[in-house]
Q: 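For reference, the structure I am asking about is given below.
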Amino acid sequence: MKRKLITHKSSDLLWQTTALLFFWIFLFTLIVGFLDYLALCYYLPVFPFLSWGSMEPRQQIMIVCIVISMLVLSFCLTMIISSIYKKIIYYPLKTLLSEVERASKYEGLADHAELYLRGGKMNIFDLSNPRQLWTDRVKDYIDSVTKERYFDDTTGCFNRKYFSQAITDVLKTQMMCSITHRSGFPRTASNQYCMYLIDIDHFKLINDEFGHQYGDEVLGQVGTTLRSVVGSAGIVIRSGGEEFLVIVYINYPMNFSQLAEKLRVEFSETVYVINPKTQEIRPVTCSIGFVPFPVFQDDLTALSVEQHVNLSDQAMYLAKSEGRNTWRGIEANITPGSQSEFDKAAVSLEYGTKAGYFKVCRPTVIPADYI
């Protein structure tokens, strides 16, 4: 029964696609046929706009021939385009989903190919978002069905596996694609990624004093807060026990420090723990380290994605060592002259700073520690 229903849905989609194609093709051919009719009437010459009974026989024959030829032409074009559609789009999509189904062990992907060609809407061709091709819809669906593999239940954020298996490839691709679009100077249309590594201050004390249940509540608050601040401009990943990696796409002018301060303030104002005995509300703060990606604009591929994460981690630990509840950022100063120098600077922020490759950004006023 299920297989029959699925077959019916697939046939229904193909029939609707064919009908829609025929409608638009026939409409186009009618317009072309009408223009041909006017041209022929001008050539004969006869007046084109007469009642059927007032027309000459040759004019009536001309109209009938044009209509029949337009119908035949529309039917032939519809069959040809429908065949191409099935061969190039529909059946390859089902094959692709079948392969993903076998590899991921998620059953039923290929059975619902029509849903992704529709784009989740009643229209077969989603003209409201022409940039989202059927391949994009397949990718979106594959991402959604595998989301549970990349999802952290405690915080509502993505997990480390999502970063290593999905986002890293995206960042590498974006980095390579951006090479040909660099003009050397930032402008209104410029944009750049930035990585923020956020660590909860004194999280171990929260677990030790109040218990892991309260620690999980704090983690949930952190996930909600960070996702609220970032919005659709980026993603939030729980990269460790109490560490979160935020990857944001920032438009010109790229004020990375401003977002770092916003993250710190929102964190300290919305994340808290309640003492179960005294009902005292104790704010929880964080330490943030960030680095633009890519940090060296003169050599975009010199440092890997993982090396950028490592630099943001070092900046975060610098913030912790200098008081907590604050942030530190890394900006490029001088581009290293060799790959070995790039690697040394990526391993040691201290080395990179002393060598003049980096400069560390700090807030003008270092906030007091809340805990």
Q: Once rounded to the nearest 0.5 Å, what's the spacing between atom CG of Leu197 and atom CD1 of Ile247?
A: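 The distance works out to 10.5 Å.
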Q: So, do Leu219 and Phe244 sit near enough that their side-chain heavy atoms are less than 4.5 Å apart?
A: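 Heavy-atom side-chain distance check passes, below 4.5 Å.
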Q: Hydrophobic clusters join Ile, Leu, Val, Met, Phe, Trp and Tyr when side-chain heavy atoms are under 4.5 Å apart, directly or via other members; which others share one with Val32?
A: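 Besides Val32, the cluster holds Phe28.
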Q: Give every donor-acceptor pair under 3.5 Å between a side-chain atom in residues 235-243 and any protein atom, sequence neighbours left out.
A:
residue: Arg238; atom: NE; partner: Gly240; partner atom: O; Å: 3.1
residue: Arg238; atom: NE; partner: Gly241; partner atom: O; Å: 3.2
residue: Arg238; atom: NH1; partner: Asp152; partner atom: OD1; Å: 3.4
residue: Arg238; atom: NH1; partner: Asp152; partner atom: OD2; Å: 3.4
residue: Arg238; atom: NH2; partner: Gly241; partner atom: O; Å: 2.8
residue: Ser239; atom: OG; partner: Glu243; partner atom: O; Å: 3.4

Q: Which atoms form the tightest heavy-atom contact between Pro294 and Gln192, and what is the distance?
A: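 For Pro294 versus Gln192, the nearest heavy atoms are O-NE2, 2.7 Å.
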Q: So does Asn325 get a backbone contact from the side chain of Asp201, meaning a donor-acceptor N/O pair under 3.5 Å?
A: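 Yes, because the side chain of Asp201 sits within donor-acceptor range (under 3.5 Å) of the backbone of Asn325.
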Q: Do you know the tightest heavy-atom contact between Cys286 and Arg264?
A: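 For Cys286 and Arg264, the tightest heavy-atom pair comes out as SG-CA, 4.3 Å.
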Q: Who passes salt bridge (charged side-chain N to carboxylate O under 4.0 Å, His left out) against Glu56, sequence neighbours left out?
A: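 Glu56 satisfies salt bridge (charged side-chain N to carboxylate O under 4.0 Å, His left out) with Arg58 only.
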Q: Looking at residues at least two apart in the chain, or sitting in another chain, which of them share a ring pair (Phe, Tyr, Trp, His ring centres under 6.0 Å) with Tyr357?
A: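 Counting only residues at least two positions away or on another chain, Tyr357 forms no ring pair (Phe, Tyr, Trp, His ring centres under 6.0 Å).
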Q: Does any part of the side chain of Phe23, heavy atoms only, come nearer than 4.5 Å to the side chain of Thr78, both counted from C-beta?
A: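 Result no, sub-4.5 Å side-chain heavy-atom pair not found.
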Q: May I ask you to test the Thr301-Asp299 pair for a side-chain heavy-atom distance under 4.5 Å?
A: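 Counting from C-beta outward, Thr301 and Asp299 do come under 4.5 Å.
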Q: Roughly how far, to the nearest 0.5 Å, is CZ of Arg160 from CG of Leu245?
A: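 That separation rounds to 7.0 Å.
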Q: Counting N and O atoms only, with roles assigned by atom type, does the side chain of Gln314 sit under 3.5 Å from a partner on the main chain of Ala346, one being a donor and the other an acceptor?
A: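 Yes, the answer is positive, given that a donor and an acceptor are paired below the 3.5 Å cut-off.
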Q: Table please: side-chain donor-acceptor pairs of residues 48-55 below 3.5 Å, with sequence neighbours left out.
A:
residue: Ser51; atom: OG; partner: Ser54; partner atom: OG; Å: 2.8

Q: With rounding to the nearest 0.5 angstrom, report the OG1 to CD1 distance, Thr285 to Ile288.
A: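 One gets 10.0 Å once the value is rounded to the nearest 0.5 Å.
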Q: Of all residues at least two apart in sequence or in a different chain, which pass the side chain to side chain donor-acceptor pair (under 3.5 Å) check with Thr270?
A: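 Listed in chain order: Thr225.
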Q: Do Gln307 and Asp343 have side chains that get closer than 4.5 Å, going by heavy atoms?
A: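 Heavy-atom side-chain distance check passes, below 4.5 Å.
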Q: Compute whether any side-chain donor of one residue and acceptor of the other, for Asp216 and Thr154, lie under 3.5 angstrom apart.
A: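 Side chains of Asp216 and Thr154: no pair found under 3.5 Å.
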Q: Taking the side chain as everything from C-beta on, heavy atoms only, tell me whether Leu226 gets closer than 4.5 Å to Tyr196.
A: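 Answer no - side chains too far apart.
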Q: Do Val218 and Val271 touch side chain to side chain, with heavy atoms closer than 4.5 Å?
A: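 Heavy-atom side-chain distance check passes, below 4.5 Å.
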Q: Are Met62 and Cys41 side-chain neighbours, meaning at least one heavy-atom pair lies under 4.5 Å?
A: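 Touching, per the 4.5 Å side-chain cut-off.
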Q: Please verify the inter-ring angle class for Trp327 with Phe290; under 30° counts as parallel, over 60° as perpendicular, anything in between as tilted.
A: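 Ring orientation, 0 to 90° scale: tilted.
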Q: Is the backbone N or O of Val291 less than 3.5 Å from a side-chain atom of His308, with the two atoms forming a donor-acceptor pair by type?
A: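 Side chain of His308 to backbone of Val291, a donor-acceptor pair under 3.5 Å: no, none is there.
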Q: For the side chain of Thr224 and the backbone of Gly220, is there at least one donor-acceptor N/O pair under 3.5 Å apart?
A: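 Answer holds: yes.
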Q: Are Phe34 and Met70 in one and the same hydrophobic cluster, where Ile, Leu, Val, Met, Phe, Trp and Tyr link if side-chain heavy atoms are under 4.5 Å apart?
A: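 Phe34 and Met70: one cluster.
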Q: Under 3.5 Å, side-chain donor or acceptor atoms of residues 205-214 against the rest of the protein: list the pairs with distances, not counting sequence neighbours.
A:
residue: Asp208; atom: OD2; partner: Lys204; partner atom: NZ; Å: 2.8
residue: Glu209; atom: OE1; partner: Arg282; partner atom: NH1; Å: 3.2
residue: Glu209; atom: OE2; partner: Arg282; partner atom: NH1; Å: 3.1

Q: By the rule that ILVMFWY residues connect when side-chain heavy atoms come within less than 4.5 angstrom, directly or transitively, which residues belong alongside Ile281?
A: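 Joined to Ile281, directly or through intermediates: Tyr272, Ile274.
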Q: Between Phe47 and Ile66, is there shared hydrophobic-cluster membership here, with clusters defined by ILVMFWY side-chain heavy atoms closer than 4.5 Å?
A: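 They do share one cluster, since a chain of ILVMFWY contacts under 4.5 Å joins Phe47 to Ile66.
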Q: Salt bridge (charged side-chain N to carboxylate O under 4.0 Å, His left out) with Lys354: which residues, sequence neighbours excluded?
A: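 Lys354 satisfies salt bridge (charged side-chain N to carboxylate O under 4.0 Å, His left out) with Glu350 once adjacent residues are dropped.
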Q: Name all pairs fulfilling the ring-ring contact (aromatic ring centres under 6.0 Å, His included) condition that reach into residues 330-354, sequence neighbours left out, sorted by first residue then second.
A: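 As it turns out, the ring-ring contact (aromatic ring centres under 6.0 Å, His included) pairs with a partner in residues 330-354, which skip direct neighbours, are Phe296-Phe342.
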Q: Hey, is the main chain of Ala345 close enough, under 3.5 Å, to the side chain of Ser348 for a donor-acceptor pair?
A: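 Flag not set: sc Ser348 to bb Ala345 has no pair under 3.5 Å.
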Q: Which pairs with one or both residues in residues 26-50 pass side chain to side chain donor-acceptor pair (under 3.5 Å), sequence neighbours excluded?
A: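 Of all non-adjacent pairs touching residues 26-50, those that pass side chain to side chain donor-acceptor pair (under 3.5 Å) are Thr29-Ser74, Tyr37-Gln59.
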Q: Just to verify, what does Asp199 make a salt bridge (charged side-chain N to carboxylate O under 4.0 Å, His left out) with, not counting sequence neighbours?
A: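 For Asp199, the residues satisfying salt bridge (charged side-chain N to carboxylate O under 4.0 Å, His left out) (neighbours in sequence not counted) are Lys320.
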Q: Counting N and O atoms only, with roles assigned by atom type, does the side chain of Ser83 sit under 3.5 Å from a partner on the main chain of Ile80, one being a donor and the other an acceptor?
A: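 Pair absent, no side-chain N/O of Ser83 close to backbone of Ile80.
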